[in-house]
Amino acid sequence: MNWTQELIDSAIWLSQVYVVTLICFGLTVWFLARRTVWGRQFWQLSGGYFSPRRSWKPILTIAFILFLTLAGVRLQVLFSNWYNTMYSALQDLNEAAFWLAMWLFAALATVHVLRSLLDYYVQQAFSIHWRTWLNNQLLGRWLDRQSYYRTQHLEKGVDNPDQRIQYDVTVFVQSSLTLSMGVVDALVSTVAFTLILWGLSGPLGLFGVEIPRAMVFLVFVYVLVATLLAIRIGRPLIMLNFLNERFNADYRYALVRLREYSESIAFYAGEKVESTLLRGRFAQVISNAWAIVYRSLKFLGFNFSVTQAAVVFPFIIQAKRFFSEQITLGDLMQTAQAFGRLQDNLSFFRNAYDEFASYRATLDRLTGFNRAIDEAQQLPRPNLNDHADHLSIRNLTVHTPNNRLLIDKLDLSLTPGDALLIRGPSGAGKTTLLRAIAGLWPFCEGDIERPQDHLLFLAQKPYLPLGSLRQALYYPQIVSTREGLLIDREEQKEAAVASSGSAPQNLDEQVETPSTVTPLATHQDPQAREILEQIQLGHLTDRLDEVNDWSRILSLGEQQRLAFGRLMVAHPKVAFLDEATSAMDEGLEDAMYRLIRRHLPDTVLISVGHRSTLVRHHAKQLNLKGNGQWSMSNDLPA
Ligand SMILES: Nc1ncnc2c1ncn2[C@@H]1O[C@H](COP(=O)(O)OP(=O)(O)OP(=O)(O)O)[C@@H](O)[C@H]1O
């Protein structure tokens, strides 16, 4: 074999095959994206990423990855030829040729290692960019126009959105790449090794008929039959994998809720109920896992048998020609190697069926997620004019999701400095009215005028974000303190480096949790400290920059006072207080309302509450009856 010529041939082969593959790859993607369900799903999710109008980079990178994949195929062909050279040298007892083969191997192996590393790097970099783009897309859509909230009003909501955004995106990107490049690799290798095998195989007599180049035909028939059977056996795995993701996510969610509501559950001593629920969900996971095991046993058992039978097959067929000296030992070994490669390549489709099954399940989940967002955004909204600087409601009718009338044709107008108290029996629709004004409630019609950005809603249990107390106070404004998570990430990197020298131990201890992170430098911010004093949380001024789970540390009354602090920071034009003082004693409640009135004299206050002590802070009162009827009373003692 002339290895100098081989080098030139390889360059020519690579350039020709590259052009052909590039065209075929493009046409196939185009065809699949138009003609198959999953192709359309893929395009719906990622068409934007590959659009040249956005950037040429993704397409160019894919083209480069394709080139590296083909270079890999060519290297395998060269290795196959090398086997022939080496075994022939051994058979001829040609020492010089043997040592030359060793040098050749060193050169081929070096190129192989470099190509593999470059391929790994480019594929990973590409996946990370693609994943970042897709994550931003989904996250943007999920947060846009409150889809994360409104999807709960859909008839068929969306389960485990967290899993879909975090996990499925990663799997989708990785599998798209490995599957598509796997197919290219398998197809091109199939052609290349078929040609090698064609040159090496001879005729075979079967039932009195002589089949020329029998081995090539036999391997194709063999793998084709095996693939068809494997697809039949493996089909149920698609559904089982889909269910596996869902059941695991459901179980994880139940565990997260146990953590979130640990105190309430502990007070109720609700361990039995929780345990039943958790065990029930885990049982689902396990029974599905068994179903996967049994189905995989059949599937893998079949695959293993097919692969094992293929090991001796080429030797048996070529043995006669070898012993009659028609072919050399090198030829025999190359036949076995080429047959093995061909078998592997053709079997790619059979073996990858499993991965393709979960890939389709992932596609279903991601497109289902997108569809739910679209539907949520199409849910009706009241006519919201959010450019006004006052609050005015005309003809507002509010229903429950099952069409029970809550409020009928409400008219209301409030000017700066007004204070309105909404009262009524439980379930009358007080909170729902606030939801409607916020634009969150789809089941209402009418006209609402209100300011756009200067609204603040305080719920009975204020939401405290993850982070420092300062961030909780300024929420929803973004505060430029260093985030605990940032520090965490640095620490994780350090831990990863520290553990790289030895087997990782006690990673839990090496990576600290946010609550034990070194306290951040306290900001000398007089406003925040002053506000804390005014809302009677002066004892917390030195802990403003402590990152902690504040919703667990602060009592409900303290959290409600912190929410009043938010009002003072935000200076809203309209503030909604939904039972926002329920956990305070009457003295504190009075102090908080007076404080707000003193600091925000022009803010429109709309409170929801049952306590009669609230009446004195509100000159107007709206009474909801719960059956659509309502009444307004004005000029109560302020
Ligand atoms: N997401 C929902 N799906 C179905 N029904 C809902 C939903 N949200 C609220 N409702 C129903 O709408 C009605 C009004 O609820 P809302 O929370 O507004 O009452 P409320 O007057 O604030 O009561 P409370 O004083 O007890 O807080 C209730 O009957 C409630 O069950």
Side-chain angles (χ1 to χ4, degrees), residues 142 145-161 253 257 260-261 264 372-373 375-382 384 391 393 395-412 414 419-446 448 450 455-463 556-557 559-560 563 574-584 586 589 593 605-615 617-618 620-633:
W142 188 231
R145 294 158 71 201
Q146 288 130 355
S147 300
Y148 57 91
Y149 173 81
R150 291 169 67 89
T151 44
Q152 66 177 291
H153 295 307
L154 294 175
E155 244 172 67
K156 197 167 169 289
V158 55
D159 63 87
N160 303 306
Y253 182 61
R257 279 181 67 90
E260 287 282 302
Y261 295 96
S264 309
I373 293 178
E375 285 171 9
Q377 295 193 346
Q378 278 158 16
L379 284 173
R381 291 165 191 267
L384 260 185
L391 183 89
I393 294 173
N395 256 338
L396 183 72
T397 299
V398 182
H399 293 93
T400 63
N402 38 17
N403 221 15
R404 182 162 66 82
L405 182 65
L406 287 174
I407 303 168
D408 191 26
K409 297 199 181 100
L410 175 68
D411 287 309
L412 181 71
L414 298 170
L420 171 78
L421 177 64
I422 306 176
R423 301 183 82 183
S426 172
K430 302 182 290 296
T431 303
T432 308
L433 175 59
L434 300 193
R435 291 183 187 124
I437 297 171
L440 300 176
W441 195 247
F443 313 100
C444 56
E445 62 258 9
I448 299 171
R450 59 163 175 81
L455 296 176
L456 201 69
F457 288 82
L458 304 189
Q460 186 174 12
K461 172 132 181 54
Y463 169 66
L556 187 55
Q559 293 182 36
Q560 290 186 340
V574 185
F576 299 86
L577 294 86
D578 189 358
E579 309 204 25
T581 52
S582 60
M584 298 182 204
E586 287 171 8
E589 177 184 88
Y593 267 95
L605 285 185
I606 302 179
S607 304
V608 168
H610 297 280
R611 276 196 201 158
S612 52
T613 46
L614 284 170
V615 173
H617 300 290
H618 301 83
K620 298 182 175 176
Q621 198 170 315
L622 170 65
N623 278 302
L624 301 181
K625 305 272 184 324
N627 54 359
Q629 292 178 19
W630 53 272
S631 61
M632 279 287 287
S633 36

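When a ligand or atom number is given, it counts from 1 through the structure's own listing order.
- For N403, the side-chain hydrogen bond (donor to acceptor under 3.5 Å, both in side chains) criterion is met by no residue, not counting sequence neighbours.
- T400 CG2, 4.0 Å is the protein heavy atom nearest to atom 11 (C) of ligand 1.
- Under 4.0 Å from ligand 1, not a single heavy atom of F443 appears.
- Among protein heavy atoms, atom 27 (O) of ligand 1 sits closest to E579 OE2, 3.9 Å.
- Here the protein heavy atom with the shortest distance to atom 13 (C) of ligand 1 is G427 O, 3.7 Å.
- Here the closest heavy-atom approach between residue R423 and residue K430 is recorded as C-CD, 3.7 Å.
- The shortest contact between atom 29 (O) of ligand 1 and any protein heavy atom is with R404 NH2, 2.7 Å.
- Those atoms of ligand 1 with a heavy atom of R435 less than 4.0 angstrom away are 8 (N), 9 (C).
- When I422, T432, T431 are checked for heavy-atom proximity to atom 15 (O) of ligand 1, T432 turns out nearest.
- Distances below 4.0 Å separate heavy atoms of P401 from the following atoms of ligand 1: 2 (C), 3 (N), 4 (C), 5 (N), 6 (C).
- Nearest heavy atom pair, residue P442 against residue R150, reads CB-NH2, 4.2 Å.
- H153 CE1, 3.9 Å is the protein heavy atom nearest to atom 1 (N) of ligand 1.
- Atoms of ligand 1 lying under 4.0 Å from at least one heavy atom of H610, given by number and element, are 25 (O).
- When side chains are defined from C-beta on, D578 does not count as touching Q460, because their heavy atoms never get closer than 4.5 Å.
- Atom CD1 of I448 and atom CG of L396 lie 5.0 Å apart (nearest 0.5 Å).
- Taking the side-chain contact (heavy atoms from CB on, under 4.5 Å) definition, one finds that L440 meets it with Q146, Y149, R435, A438, sequence neighbours left out.
- Counted by atom type alone, Q377 and S147 present one or more donor-acceptor pairs between their side chains at under 3.5 Å.
- Contact annotation: G429 has at least one heavy atom less than 4.0 Å from an atom of ligand 1.
- Protein heavy atom nearest atom 7 (C) of ligand 1, with residue, atom name and distance: W441 CH2, 3.7 Å.
- Annotation: side chain of L455 is not in contact with side chain of I437 (no heavy-atom distance under 4.5 Å).
- Taking the six-membered ring where the residue is Trp, F457 and F576 present parallel rings, their angle staying beneath 30° rather than reaching 60°.
- For ligand 1, the polar-atom distance check finds an N/O of K430 within less than 3.5 Å of one of the ligand's N/O atoms.
- At the shortest separation from atom 26 (O) of ligand 1 among protein heavy atoms lies S426 OG, 2.6 Å.
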